[in-house]
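Below is one structure, written out as structure tokens; the observations come after it.
Keep in mind that the numbers below use all heavy atoms, side chains included, and drop hydrogens, waters and symmetry copies. In what follows, every chain begins at residue 1, and chains take the letters A, B, ... in the order their sequences are listed.
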Amino acid sequence: MPIDKKFNPGEVEKKWYDYWLEKGYFKAGSGSEKPAYCIVIPPPNVTGSLHIGHALDITLQDIMIRWKRMSGFDTLWLPGTDHAGIATQNVVEKALLKDGVDRHALGREKFIEKVWEWKAQYGGTIINQLKVMGASCDWSRERFTLDEGLSRAVREVFVRLYGEGLIYRGDYIINWCPRCHTALSDLEVEHEDTKGKLYYIKYEFAHEEGFVVVATTRPETYFGDTAVAVNPEDERYRDIIGKTVKLPVLGREIPIIADEFVDATFGTGAVKVTPAHDPNDFEIAKRHNLPFIKIMTGDGRMTGETGPYEGQDRFECRKNVIRDLEETGRLERVKDHDLAIGHCYRCRTVVEPFLSKQWFVRIKPLSEEAVSAVKDGRVKIIPSGWENSYFNWMENIKDWCISRQIWWGHRIPVWYCDDCNEVIVSIEDPTVCVCGGVLRQDEDVLDTWFSSALWPFSTLGWPDDTDDLKKFYPTDVLITGFDILFFWVARMVMMGLKFMGREPFRHTYIHALIRDEEGHKMSKSRGNVVDPLSMTETYGTDAVRFTLAAYAAQGRDIKFSGKRVEGYRHFINKIWNASRFIFMNIREGEKIVPLMETKTLSLADRWILSRLSSVAAEVNALLEEYRFNDAAGVLYQFVWHEFCDWYLEMVKPVLYGDDEGTRISAISTLVHVLETALSLLHPFMPFISEEIWQQIPVKKEVDSICIRRYPVAGDGIEDEESEMNMGVVMDAVLGIRTIRGELNISPSIEIKVLIKTQNGTEDILKRNLVYINKFARAGEIEIGNNIELPKNSATSIKPLMEICVPLKGLINVDLEIDRLNREIKKHKEELSFISNKLSNNGFISKAPKAVVEENKFKYNEIKDKVDTITANIEKLLTINEEDA
RNA sequence: GGGCGAUUAGCUCAGGGGGAGAGCGCUGCCUUCACACGGCAGAGGCCACUGGUUCGAAACCAGUAUCGCCCACCA
């Protein structure tokens, strides 16, 4: 029964993905009796395209979902996309600009229409790419954060938080991106260590001779100064508190005040206070009732408050200010100074601290509960190392600025009446004010992360009490990268607890970042981005998925390269060819006997079935703990080395032999192990496992491997004795192979082998002569407890046996002597190590009995081995002498 | 400034108180009827450093060094 010589991933992937969709296997059924298992996808940006980080995310989630689906759960993997306010607006804005269209000229409504058009055109891209990766999402439940339902959830949450006083509006210093023209939350600012300068500027007293020197990194902000502050304890400045100084150029008089905040040891100990452009100064100003003067516009240009500098760009202005101060002798000195400059996380522009009226979430009441949820285990963070970061952030959390001065997003559901100053906060759009006046909706939209924070319940139908919500909330696990732990994970916990009264997910598995081959972060500017889709085209999706899983050890970044994927493609190839081999040996029209009905299982059959049992148990246990790399490793080791290298070789004599009974058993075993192994592998490599499984010529209880029952220990046969006996046979084979390999005995030469056995191994070996014969290419094999070993021979000592290959006419005796000497050296080192232990009274008295016994046993074993090898060397030396 | 992580074979990394592991690479042999994207056999490591705990440490603890990351309003 034929199977293609080569595995062709491209064709197969498309075929089976379509098949799965058509059959509706990914659809969750709320009515099902099965227990629920749910994962919500971290919604990718709707304008985005799949990068390698997504690929990892998706692979791990799909492994969990496919595993649970096969394990009898009603699984829901809920997919969707995020409107990604600033990012999307920027993308569309740029595209329009290319056509010479400015968004302001277009107007708000028209612009938003354009974004929706854009979404319609490109929004499907990333969804299709998820499908290429094999993601088994329930596409019938796909959501978008700006959907009607989700928008309703957003309004509901806003209105309720406002009603409870947890949302407020006010003038505060926020982070402002002059390019995106919007406020940003603290999280959206990325600090970058920069080598900057500290400028020392002289402020002259207004009514007497002399001056005070202040130090600043942003000299251009001095136009907004409304005071100079010193520490009240600072002796140097005690006398000048209360005096006034004049600002250079402007001549405006400002007071010298005392405030505890000032660190006397930094700079000159005197600080310029710029309340509208610095968060600390803002606080100082509130304490001292200082005025707030805005010196910069929203796009980073200087205002009329800066006199001659009006209209200049902030950086240009800085240069000019420094130059002018220097020319007028007011720049005392300039010092190198390292500082962290904040950049917009969407466009990399330097952000400005900016006084502005914004909306905020009072976050402390929400964060406290979110902390307890993790502390008492309602939410488990895996790996647990991230808990500290989570607590640290939650405990130092500051109010969340949620308003954005952009157009694409959920518009804030607040209306103002120009006539009576009424403020209406409402879920439904109001038409007119109570006073009959005209209402005007707040111009701002909400932070994208505000809607993402609701994702685990808004997608399930909240605020309605839907069946999905009842069945699938709380979800089981959230899988994502650590980069959005605060942005998203933490906020979902807060919002889920607040509005559902339950945690949004029981586990959150935080995976590492994928880096390039050299360990650098992948970025477009660096040009080291690996495109996962071109990888799947080159190597096949299964290989990419398996690679990602195999490298996804907890807690460490993954260095990724095509070379590694290539390595695992070899594994795919191995699986394909092993299957091909099995199919080749099934006769035309042959009916495969179910394993349970076979009566003549050989040692090899029983051994591989026992191993299969252990492997199934291990894989399940490892997946339960999100140890993807270990699970992948166990499967790799089992399939390649145990199944292919040993078992397939061992059945060959049976398959080509003429004992029909053992052949039938072997075929049953082969098919059973193949089918089970493919099932175990399916979550990791869905396509090839389906392709091969579909071709296995047995009666199937289901139409796809993806809904087959996931194997457990009972799918094999636990048989310790067979594993032990097989170990003996393997030892014999390995011993002979070592001799052959190291003494370079050509494979074409058939050798004679003598094995001197002890303690019942004689029987085991005699019963399994066929294997030794084949693996060792031994013609004549003599086995027995009391056989005489010839002098002129190469030897290999294994537990319970001494293997002997007569050398006469085969090889150089010196070569064997060298080899044995090397071996004896190794053993002697080991021996002295153990003997040191055993002669240590502390060890004998304090170490566990079993450990002591084990060491004694080992000592004797190695001692015997050394003695035997020594004797063998003696014998060989005698021969050399005789020859000479 | 605070916190976290890493340091194990040439490379990439698992492991985690009693025998140093894997993959790739390397060396030798093998074009054997599933697979050369293969098979067999090998070589290769004071598990970063210094102390401590212990009968026993690569593992646990403390410190040091180097690298990386996260958080942070000292102008």
Worksheet item: What do the steps show when you test E188(A) against Y345(A) for side chain to side chain donor-acceptor pair (under 3.5 Å), and what is the final call?
Response: CA-CA 5 Å; E188(A) 290 169 309; Y345(A) 82 138; 2.9 Å; yes
Response to the item:
Taking a pair to mean Watson-Crick or G-U wobble geometry with both distances below 3.5 Å, U50(B) pairs with A62(B)
Fill in: Minimum-distance nucleotide (side-chain atoms of H337(A) versus A75(B), G19(B), G28(B))
A75(B)
Worksheet item: Judged by modelled atom types alone, do K798(A) and S796(A) share a side-chain donor-acceptor pair under 3.5 Å?
Response: no
Discussion item. Give me the distance, rounded to whole Å, that separates G38(B) from G56(B) when you measure between the C1' atoms they each carry.
Written reply: 44 Å
Practice prompt. Among the candidates C37(B), G18(B), A75(B), find the nucleotide nearest to the side-chain atoms of R569(A).
Written response: C37(B)
Worksheet entry | Atom-to-atom span, CZ of F261(A) to C1' of A75(B) - whole angstrom | 7 Å
Worksheet item: Where the side chain of E830(A) is concerned, which of C4(B), G19(B), A34(B) is the nearest nucleotide?
Response: G19(B)
Worksheet entry | Pairwise C1' distance for A58(B) and U53(B), with rounding to whole Å | 16 Å
Worksheet item: Whom does C26(B) pair with, Watson-Crick or G-U wobble, provided both distances fall under 3.5 Å?
Response: G42(B)
Practice prompt. Please report, rounded to the nearest Å, how far the P atom of A41(B) is from the CZ atom of R822(A).
Written response: 16 Å
Worksheet item: Looking across every strand, which nucleic acid part, if any, lies under 4.0 Å from L670(A) by heavy atom: base, sugar-phosphate, or nothing?
Response: nothing
Worksheet item: Considering only side-chain heavy atoms of V271(A), which listed nucleotide, G18(B), A75(B), C35(B), is closest?
Response: A75(B)
Item to complete: Taking atom types as modelled, find out whether D186(A) and N175(A) have a side-chain donor-acceptor pair closer than 3.5 angstrom.
Response: yes
Worksheet item: Can you find a side chain N or O atom of K652(A) that sits less than 4.0 Å from OP1 or OP2 on A34(B)?
Response: yes
Worksheet item: Within less than 4.0 Å of OP1 or OP2 of G39(B), is there a side-chain N or O belonging to K574(A)?
Response: yes
Worksheet item: How many Å lie between NZ on K865(A) and P on G19(B), as a whole number?
Response: 16 Å
Discussion item. For U31(B), give the paired nucleotide (Watson-Crick: N1-N3 plus N6-O4 or O6-N4; G-U: N1-O2 and O6-N3; both under 3.5 Å), or none.
Written reply: none
Fill in: Distance, rounded to the nearest Å, where L622(A) contributes CG and A14(B) contributes P
15 Å
Response to the item:
For A9(B), the nucleotide meeting Watson-Crick or G-U wobble distances (both under 3.5 Å) is none
Discussion item. Taking the P atom in each of G23(B) and U50(B), what is the distance between them to the nearest angstrom?
Written reply: 32 Å
Practice prompt. For R627(A), answer base if it contacts any base atom (sugar-phosphate contacts may also be present), sugar-phosphate if it contacts only those atoms, and nothing otherwise; contact means non-hydrogen atoms under 4.0 Å.
Written response: sugar-phosphate
Worksheet item: Is G842(A) touching bases, backbone alone, or none of the nucleic acid, heavy atoms closer than 4.0 Å?
Response: base
Practice prompt. Describe the nucleic acid contact of R218(A) in one word from base, sugar-phosphate, nothing, applying a heavy-atom distance below 4.0 Å.
Written response: nothing
Worksheet entry | Between C37(B) and G25(B) - P atom distance, rounded Å | 11 Å
Discussion item. Between T738(A) and D193(A), which residue's closest nucleotide on RNA chain B lies nearer the 5′ terminus?
Written reply: T738(A)
Worksheet item: Where the side chain of K858(A) is concerned, which of C35(B), G19(B), A14(B) is the nearest nucleotide?
Response: G19(B)
Worksheet item: Under 4.0 Å between a side-chain N or O of H570(A) and OP1 or OP2 of G38(B)?
Response: yes
Worksheet item: When all nucleic acid strands are considered with a 4.0 Å heavy-atom cut-off, which category describes D281(A): base, sugar-phosphate, or nothing?
Response: nothing
Worksheet item: More 5' along RNA chain B: V189(A) or D630(A), using each one's nearest nucleotide?
Response: D630(A)
Discussion item. Please confirm whether the shortest side-chain N or O distance from Y656(A) to OP1 or OP2 of A34(B) is below 4.0 Å.
Written reply: yes
Discussion item. Is W393(A) close enough to G2(B) that one of its side-chain N or O atoms is under 4.0 Å from OP1 or OP2 there?
Written reply: no
Worksheet item: In whole Å, what separates the P atom of U27(B) from that of G63(B)?
Response: 46 Å
Item to complete: Could you work out the separation of G19(B) and A14(B) based on their P atoms and round it to a whole Å?
Response: 23 Å
Practice prompt. Remember a base hit wins even if backbone is also touched, and classify K6(A) as base, sugar-phosphate or nothing at under 4.0 Å, heavy atoms.
Written response: base
Fill in: Whole-Å distance separating the CD atom of E823(A) from the C1' atom of A41(B)
13 Å
Discussion item. Using atom P in both nucleotides, what's the gap between C49(B) and U54(B) to the nearest angstrom?
Written reply: 23 Å
Fill in: R740(A) vs A41(B): side-chain N/O to OP1/OP2 distance below 4.0 Å
no
Worksheet item: What is the base-pairing partner of G17(B), counting Watson-Crick and G-U wobble geometry with both distances under 3.5 Å?
Response: none
Item to complete: With heavy atoms under 4.0 Å as the rule, sort E649(A) into base, sugar-phosphate or nothing.
Response: base
Worksheet item: Which heavy-atom pair separates I558(A) from Y551(A) by the least distance, and what is that distance?
Response: CG1-O, 3.4 Å
Practice prompt. Classify the nucleic acid contact of R737(A) as base, sugar-phosphate or nothing, counting any heavy atom under 4.0 Å across all strands shown.
Written response: sugar-phosphate
Worksheet, complete the sentence: In short, salt bridge (charged side-chain N to carboxylate O under 4.0 Å, His left out) pairs touching residues 331-341 of chain A with sequence neighbours left out are K195(A)-D338(A), K197(A)-D336(A)
Discussion item. Between A43(B) and E742(A), counting only base atoms on the nucleotide and side-chain atoms on the residue, is there a donor-acceptor pair under 3.5 Å?
Written reply: no
Discussion item. Quick test of your reading of the model: are R236(A) and D234(A) salt-bridged, counting only N-O distances below 4.0 Å?
Written reply: yes
Discussion item. Using a heavy-atom cut-off of 4.0 Å across all strands, would you classify D263(A) as base, sugar-phosphate, or nothing?
Written reply: base
Worksheet entry | Carboxylate-amine/guanidinium contact R314(A) E352(A), below 4.0 Å | yes
Worksheet item: Between A48(B) and A57(B), how far is it from one P atom to the other, in whole Å?
Response: 15 Å
Worksheet item: So what does H641(A) hit on the nucleic acid, given a heavy-atom distance under 4.0 Å: a base, only sugar-phosphate, or nothing?
Response: sugar-phosphate
Worksheet item: Across all strands, who's sitting opposite C69(B) as a Watson-Crick or G-U wobble pair, both distances under 3.5 Å?
Response: G3(B)
Fill in: Separation between CG of L187(A) and CD1 of I397(A), rounded to the nearest 0.5 Å
8.0 Å
Worksheet, complete the sentence: Considering only heavy side-chain atoms of V851(A), the closest of C55(B), G18(B), A75(B) is G18(B)
Discussion item. Nearest whole Å is fine: how far is G5(B) C1' from I510(A) CD1?
Written reply: 15 Å
Discussion item. Can you identify which nucleotide, out of C71(B), C13(B), C29(B), has its nearest atom closest to the K559(A) side chain?
Written reply: C13(B)
Discussion item. Determine whether S356(A) and Q358(A) satisfy the following criterion, side chain to side chain donor-acceptor pair (under 3.5 Å), listing intermediate values before the conclusion.
Written reply: CA-CA 6 Å; S356(A) 162; Q358(A) 302 289 343; 2.6 Å; yes
Practice prompt. Give P848(A) one of three labels, base, sugar-phosphate or nothing, depending on what nucleic acid heavy atoms sit under 4.0 Å from its own.
Written response: base
Discussion item. Looking at Y647(A), I'd like to know if the NZ or CZ of K652(A) sits under 6.0 Å from its six-membered ring centre while staying within 45 degrees of the ring's axis.
Written reply: no
Practice prompt. For Y636(A), answer base if it contacts any base atom (sugar-phosphate contacts may also be present), sugar-phosphate if it contacts only those atoms, and nothing otherwise; contact means non-hydrogen atoms under 4.0 Å.
Written response: sugar-phosphate
Practice prompt. Have a look at W640(A) and say if it touches a base, only the backbone sugar-phosphate, or nothing, with a 4.0 Å heavy-atom cut-off.
Written response: sugar-phosphate
Worksheet item: For A75(B), what is the paired nucleotide under Watson-Crick or G-U wobble rules, both distances under 3.5 Å?
Response: none
